[in-house]
Every structure is written in C-alpha cells, then in structure tokens.
**Q** 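Supplied in structure tokens, the structure appears directly below.
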Amino acid sequence: MPKRAWILPILLPALLPAALLRIEVSERSDVQDGKAFAAAGPYERIAGKAYFAVDPNLPANKIIADIAKAPRDENGLVEFSADFYCLKPRDPHHGNHAVLFEVSNRGGKALQGLFGDDFLMEQGYTLVWLGWEFDVPPGRDALRLYAPVAQGITGLVRAEIVVDHREIRRSLGDRSLLAYPVLNPDDAGLALTVRDHPDSPRRAVPRETWHIEGGTHIAMPAGFEPGKIYELVYTSKDPAIVGLGPAAVRDLMSFLKYGIAADTILGDHHDFIKRAYGFGVSQSGRFLRTFVYYGFNRDEQGRSVFDGLMVHVAGAGRGSFNHRFAQPSRDGHPFLNTFYPTDIFPFTDLPETDAETGITDGLLTHATPSAAAPKIFYTNTSYEYYGRSASLIHTTLDGASDAPIAPTTRIYFLAGCQHGPSPFPPERGEAQNLANPNNYRWTLRALLVALDRWVADGQEPPPSRYPKIADGSLTALRAVAFPKLPGVQFPTRIQQAWHVDYGEEFRSAGIVTIEPPKVGSAFPMRLPQVDADGNDMAGIRMPATAVPLATYTGWNLRSAEIGAPDELYSMTGSFIPFARTKAERVKAGDPRLSVEERYPSKQAYLDRVQAAAGDLVKGRYLLERDVPLVVARASAEWDFVMR
C-alpha cells in the first residue's frame with residue numbers, strides 16, 4: 001500500500017477513561033511494502049498528533065510541577081498535544097498482546113536499531129512513540145511535546161557550554177535543543193564564568209568580551225576555549241509546564257491498556273493489548289526512573305500504567321523532567337552538564353536515609369504504592385559506573401556495603417561495554433584510545449523476552465548479575481587493579497554524584513532559587529574490579545570479554561587536541577587489543593598475554609567463543625538464534641586484531 005498522508009481526526013467518546021481527547025492521523029501506511037513478520041504478519045505505520053486535557057485538581061495531576069499555573073480551557077482543564085507514532089500488526093490478533101513504548105531520546109526513535117533487524121516486529125509487539133520533550137527543535141522529523149507555559153512567571157536558568165573546538169557562538173540550550181530566552185540580554189549584571197574542572201573555582205569572563213544574540217545564543221568573538229566549562233546564569237520568563245511530558249506518556253499508555261474497544265485507530269486494541277512495557281536508553285532511561293519516582297505510573301483512576309520497564313544505561317540518574325524552567329536534555333556527564341538535578345538522591349528503588357540531610361526516600365516509595373510498581377530491569381555498561389554513578393543503584397549511600405534490591409527489580413551489568421557499542425571496526429575519534437565495539441545488543445533481546453515472560457506468565461527472569469562489594473568485585477577507584485599498559489592512562493577523575501542544594505522550594509514545589517546550586521559532599525562511587533587483562537570480572541560477560549582479544553573498558557579519556565585530557569570522554573569506552581605475538585608483547589612491554597599465547601588458532605578461538613555463547617544461552621542472557629551472529633562478529637574482531 002503506498003504512503004498516504006492526510007489529517008484524519010479520530011474523535012474518542014467523552015467517557016474515555018483517560019485524558020486522551022483525540023488522535024489526528026496524518027499518515028497510515030504499510031511497513032516494508034506489506035512484508036509479513038513471522039507469525040505477527042504485516043505491519044502498518046500510523047503517525048499523527050495526540051491531544052490531551054488533564055484536570056489540575058485531580059491528585060494524579062497535582063504531581064505535575066506548576067500545573068496550577070497552567071492556562072485552562074472553558075472546562076477548567078489544561079490542554080496540550082504531542083506527536084504520535086506507532087507500528088502495529090495490521091491484524092492485531094496476530095500480535096503478542098503487548099505494547100512496547102520507547103521513551104523518545106531528544107525526539108528520536110532508536111528502538112529498532114538497538115534491538116536489531118526486524119526482531120521486535122517478529123516478536124509481535126505494538127511499537128509506540130510519543131513526543132514528551134518541549135525543547136526539541138521543530139522541522140526535523142522529531143517527536144515533540146506542545147506544552148502550555150506558566151505565563152508571567154520568571155526564574156533562574158543556568159546554561160553550561162563546553163566545546164571541543166574553538167567556537168564563537170553557542171546556543172544557551174543543551175547542544176541542539178531549544179533554549180529559554182534571556183529576559184534582559186543587555187543586562188550588565190549578567191555574569192559568565194569559566195572553570196577547568198567541575199569542582200574547580202569559577203573565574204569571571206569580562207563582560208565586554210561576550211554578548212547575547214537573539215535572546216537564546218551567546219557570542220564571544222575571541223572564541224570559547226576547548227576543554228573549559230563556561231556557565232551563564234540568567235533570568236527567563238514563561239516556563240513550559242515540562243511535567244506534562246510524563247503525563248502525556250501516562251495517559252496514552254493508560255488508553256492503550258484500558259481504552260474502549262470501539263477505537264478505530266488501533267482496531268479492537270482493548271481485546272488484544274494486555275501488557276505494556278516502557279523502554280528507555282540513557283536520557284530516556286532516566287525519564288523512566290523519574291516517571292516512577294513521581295508517581296506517574298498510576299493513571300487518573302489509580303491504575304498501573306507500565307507493567308514492566310527496561311531502563312538502559314541510565315546509571316543512577318533521574319533528570320529535569322518535572323520542575324520549573326527544567327531543561328530536559330541536560331544530563332550529567334563527567335565533563336558536561338554538571339550539577340543539574342540528574343544524579344540526586346534517592347538512587348535506589350528501596351528507601352535509604354541520607355545521613356547528611358536526614359531524608360529517607362526511594363524511587364518506589366516516594367509517590368508510587370507497591371501495587372503500581374512495575375517489574376524493572378536495570379541494564380548498565382561499564383561506562384555508567386565511571387560516567388553515570390551506576391553503583392549508587394545497588395550500594396548504600398556511604399559506599400560501604402551492598403544495598404538490598406526490590407523483589408520486582410533485576411540489575412544486569414553488561415561487563416566490558418560502553419554506553420552504546422562503537423561501530424565496527426572501531427575508531428579513535430577525539431579520545432585517547434580506540435572506542436569500545438563490544439556488542440551487547442543480543443543480550444538486550446534475551447532480556448526483553450525474559451521480562452515479557454515474567455509479566456505474562458510469572459516465569460522468574462535470569463538472576464541479577466552485577467558487581468558487589470561483598471565479594472570484592474566492586475571497589476573504589478584507587479583500588480581498581482588495572483594493569484599498567486604502554487601508552488594507556490587509567491582515569492584519575494570520574495563522574496561524581498553530589499549533595500546539591502537548589503533552594504528550599506525545589507524538593508517541595510520544583511522551583512529552583514539557587515543557581516548554580518550549593519554543592520556539598522560527594523557520594524562515594526564504586527567501580528567494577530578487573531582481572532589481569534583489565535577486563536571486568538563481574539556481570540554478564542559477552543563472549544568478547546569472556547574470551548578476549550583485547551581489554552574492553554567503559555572509560556576513555558579526552559585527547560589533548562580537544563583539551564582537558566585528564567577528563568573522561570563522554571559515553572565512550574576503550575578497545576585496547578592484545579599484541580599478536582609474544583615477541584611483539586615483550587617488545588612493547590605489555591603485561592597481557594598475546595593472542596598467540598592464548599589461542600593456538602583462529603578456530604580454537606572461535607570454538608571457545610561458541611562455548612561462552614552457549615553458557616549465556618543456558619543462563620537466558622542470550623537467545624539461541626543469536627549465537628551465529630556472536631560467532632561471526634568474533635571472527636571479524638580476530639581478523640581486525642591480527643591483520
């Protein structure tokens with residue numbers, strides 16, 4: 001069926017048990033020319049715009065920051081809309097009765113690429129996306145939230161700028177995202193500062209050397225210096241009601257699970273959709289942690305929304321998704337977007353008490369009762385331990401012992417991997433070492449199957465696998481026994497989570513009154529211990545790590561060319577191949593055994609890879625169907641290292 005584009009309003013009955021008013025469809029077409037995807041059959045694509053209205057007086061909506069200050073329609077409701085996208089079986093009865101919702105990362109759709117080929121459609125999922133972020137620029141085929149603003153409200157905004165190459169003009173928003181305008185661009189009291197490291201003292205940049213352009217950009221004719229952290233605090237006006245983003249996700253998913261049978265958009269979906277899963281990567285994973293924390297996993301009628309969550313490479317973070325003048329794109333890297341409300345207490349699902357503040361809190365206890373707690377898989381790579389404070393999701397706040405995890409939670413450490421696998425063959429880019437290509441996507445596929453069986457059939461998922469203090473596989477930075485490798489510098493600085501104070505109204509009302517925030521002590525970070533090769537000992541070891549040709553790390557350092565060479569290079573690990581022969585190893589002074597000392601032949605190596613993959617299949621950390629793909633990739637890595 002050819003692509004068809006039109007505006008087709010789908011009006012839903014007034015008694016719809018959710019805050020979704022209507023969906024206007026602009027496209028409805030076949031996927032891949034009507035190809036059949038296993039038992040699910042052909043799929044169709046539906047794109048359009050979803051319209052919502054929420055009652056600000058309902059308890060479920062009072063958790064939305066500044067909802068009381070949002071404009072209301074004649075019925076006293078707050079209206080907003082969001083871009084909608086869906087891939088569904090043409091005949092819904094042939095699907096697997098589950099919705100898989102990807103939290104869009106800055107407007108994009110990465111779900112299918114991460115799981116690979118047509119896997120998700122062959123599994124029969126109804127795949128859904130919705131815009132939830134208001135600051136996504138328009139006009140680039142990205143999903144956006146169209147949120148009202150709290151008119152007349154002013155407040156503080158902090159912009160941080162880090163460049164890798166000299167630039168003279170930068171947006172005050174995060175990277176390519178939209179910025180809050182400066183209320184008074186010519187204010188002589190505006191102060192730009194610069195510092196060398198996140199915890200270094202700030203130095204004032206002379207006011208005459210820079211200026212504001214168009215209210216949303218800052219220009220410095222002499223150029224911003226690479227490898228420095230610039231920061232501007234300014235006053236803006238009319239903040240978006242950012243918390244309507246998670247509310248939109250809540251209400252769409254509620255409709256998909258509990259909506260009427262007469263819906264003409266998805267067919268008789270009330271009969272075939274029985275389970276709902278949320279999936280989020282990085283920023284989107286932090287969104288899901290925040291979503292649960294505030295209580296958005298209950299709809300307006302108090303019913304659970306997501307039955308299961310896969311929170312991928314989010315570390316211990318949450319984010320700026322529900323407070324005044326929030327910048328949702330701002331995250332929290334070792335050397336970028338520092339001291340935003342991302343890595344803030346609480347970190348664990350179960351409650352802990354912060355001895356410094358006396359506050360007791362947990363992700364599953366703040367606003368969500370146990371009846372609405374979804375089953376959760378946390379998956380993190382090595383990078384998240386160095387660059388995203390991941391240890392805090394399973395250690396006590398003093399870093400002295402392992403913390404208990406909720407019975408509905410599993411934690412999986414993808415050992416020897418970086419935030420997102422590097423393309424193969426790997427390149428160095430602007431880091432000191434080659435990027436880490438260790439591919440963990442196959443394990444994500446197996447874990448999704450396990451999560452669905454846990455929810456649908458009650459089948460226990462594979463046991464959690466993560467490094468622990470009790471057995472010595474999780475330790476302090478200074479105690480990581482990384483080998484001394486020629487030309488390789490082990491990190492001396494990692495990302496930290498700090499006690500931060502944004503003012504008395506931040507925790508209660510989502511209002512920031514102190515920028516930059518007051519920074520107190522850091523929470524102790526713990527890192528995976530490594531073996532003699534420098535490879536992580538604990539967790540799910542992909543065959544590349546279990547039968548190595550290299551050292552695979554979650555960390556890499558910035559190159560001298562882009563400045564700050566002692567800081568971590570964001571989201572990137574290292575691939576440090578072994579010497580091919582003993583003679584090369586001895587000449588280089590490399591303490592690791594060479595490839596020829598480990599494996600008598602390529603076939604012997606591949607046989608061991610096959611065995612390691614088989615062990616993962618037995619543990620349900622890998623699907624049998626993916627073993628040939630793992631072996632083929634291992635063969636390519638052998639050729640790369642040995643050429």
Side-chain angles (χ1 to χ4, degrees), residues 96 98-105 110-111 114-115 120 123 125-130 132 245-254 256-257 273-299 303-319 321-322 346-350 362-380 384 388 390 393-394 405-414 443-456 458-462 464 466:
N96 71 349
V99 168
L100 180 58
F101 177 84
E102 180 189 13
V103 181
S104 175
N105 191 315
L111 184 65
L114 190 62
F115 281 88
L120 296 173
Q123 295 289 306
Y125 283 102
T126 294
L127 307 177
V128 177
W129 294 261
L130 185 75
W132 63 269
V249 172
R250 175 198 68 191
D251 293 336
L252 175 65
M253 299 311 296
S254 174
L256 293 176
K257 284 184 67 177
I273 292 180
K274 304 300 182 183
R275 307 179 303 283
Y277 304 125
F279 179 80
V281 179
S282 193
Q283 178 209 39
S284 307
R286 292 186 292 104
F287 174 98
L288 290 174
R289 286 172 57 84
T290 308
F291 186 90
V292 171
Y293 176 69
Y294 279 110
F296 285 106
N297 207 48
R298 292 175 297 166
D299 68 10
R303 299 167 301 192
S304 65
V305 177
F306 288 114
D307 301 292
L309 300 177
M310 284 191 69
V311 179
H312 182 53
V313 295
R318 287 188 278 127
F321 310 134
N322 188 31
F347 307 104
T348 55
D349 287 353
L350 299 178
L363 261 65
L364 298 181
T365 57
H366 177 71
T368 303
S370 57
K375 292 176 168 58
I376 302 175
F377 282 5
Y378 291 122
T379 52
N380 286 294
E384 283 71 57
R388 294 290 312 113
I393 72 172
H394 56 76
I405 65 173
T408 52
T409 293
R410 298 294 183 271
I411 299 175
Y412 302 108
F413 169 47
L414 305 173
T443 288
L444 291 185
R445 285 151 62 128
L447 291 178
L448 178 61
V449 170
L451 178 62
D452 185 48
R453 290 175 180 171
W454 194 14
V455 172
Q459 180 179 340
E460 279 291 315
S464 294
Y466 58 92

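Positions are given from 1, in the same order as the sequence printed here.
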**Q** In Å, rounded to the nearest 0.5 Å, how long is the span from CD1 of Ile273 to CG of Asn96?
**A** 9.5 Å

**Q** With a 4.5 Å heavy-atom cut-off, do Val449 and Arg453 have their side chains touching?
**A** yes

**Q** Is there a side-chain contact between Pro461 and Leu451 in this structure, where contact means two heavy atoms from C-beta onward sitting under 4.5 Å apart?
**A** no

**Q** Which heavy atom of Leu364 sits nearest to which heavy atom of Ala373, and what is that distance?
**A** CD2-CB, 4.4 Å

**Q** So how far is it from Arg286 CZ to Arg388 CZ, rounded to the nearest 0.5 Å?
**A** 5.5 Å

**Q** Answer yes or no: is there a side-chain heavy-atom contact under 4.5 Å between Leu111 and Trp129?
**A** yes

**Q** Any cation-pi pair here, Arg289 with Tyr378, using under 6.0 Å and within 45°?
**A** yes

**Q** Given Tyr277, which of Asp452, Val99, Leu309 fulfils the side chain to side chain contact (heavy atoms under 4.5 Å, CB included) condition?
**A** Asp452

**Q** Measure across Phe291 and Pro246 and return the closest heavy-atom pair with its distance rounded to 0.1 Å.
**A** CE1-O, 3.3 Å

**Q** For Arg275 versus Asp307, what's the shortest heavy-atom pair and its separation?
**A** CA-OD2, 3.3 Å

**Q** Look up atom OG in Ser284 and atom CH2 in Trp132, then write down how far apart they are to the nearest 0.5 Å.
**A** 6.5 Å

**Q** What closest approach, in Å, do Leu447 and Phe377 show between heavy atoms, and which atom pair accounts for it?
**A** O-CE2, 3.2 Å

**Q** Given the rule in the ring-ring contact (aromatic ring centres under 6.0 Å, His included) test, do Phe115 and Phe279 qualify, once you have shown the distances and angles that lead to the verdict?
**A** CA-CA 11 Å; Phe115 281 88; Phe279 179 80; 5.2 Å; yes

**Q** Under the side-chain contact (heavy atoms from CB on, under 4.5 Å) rule, what do Leu448 and Tyr125 come out as? Steps first, then yes or no, please.
**A** CA-CA 11 Å; Leu448 178 61; Tyr125 283 102; 3.7 Å; yes

**Q** About how many Å separate CD1 of Ile393 and CZ of Phe347, when rounded to the nearest 0.5 Å?
**A** 11.5 Å

**Q** Using atom types as modelled and distance alone, determine if a side-chain donor or acceptor of Glu102 lies under 3.5 Å from a backbone N or O of Ala110.
**A** yes

**Q** Where is the tightest heavy-atom contact between Leu414 and His312, given as atom of each residue plus distance?
**A** CD1-CE1, 3.9 Å

**Q** What's the shortest heavy-atom distance between Ile405 and Ser464, and which atoms?
**A** CD1-OG, 3.8 Å

**Q** Could you check whether any side-chain heavy atom of Lys257 comes within less than 4.5 Å of a side-chain heavy atom of Ser304, counting everything from C-beta outward?
**A** yes

**Q** What's the separation between atom OH in Tyr466 and atom CD1 in Ile411, rounded to the nearest 0.5 Å?
**A** 5.0 Å

**Q** Tell me whether Asn380 contacts the main-chain N or O of Gly315 through its side chain, where contact means a donor paired with an acceptor under 3.5 Å.
**A** yes

**Q** Kindly compute the distance separating CG (Leu120) from CG (Leu114), expressed to the nearest 0.5 Å.
**A** 9.0 Å

**Q** Report yes if some heavy atom in the side chain of Leu256 is under 4.5 Å from a heavy atom in the side chain of Phe101; otherwise report no.
**A** no

**Q** Can you find a heavy atom in the side chain of Val103 that is under 4.5 Å from one in the side chain of Val249?
**A** no

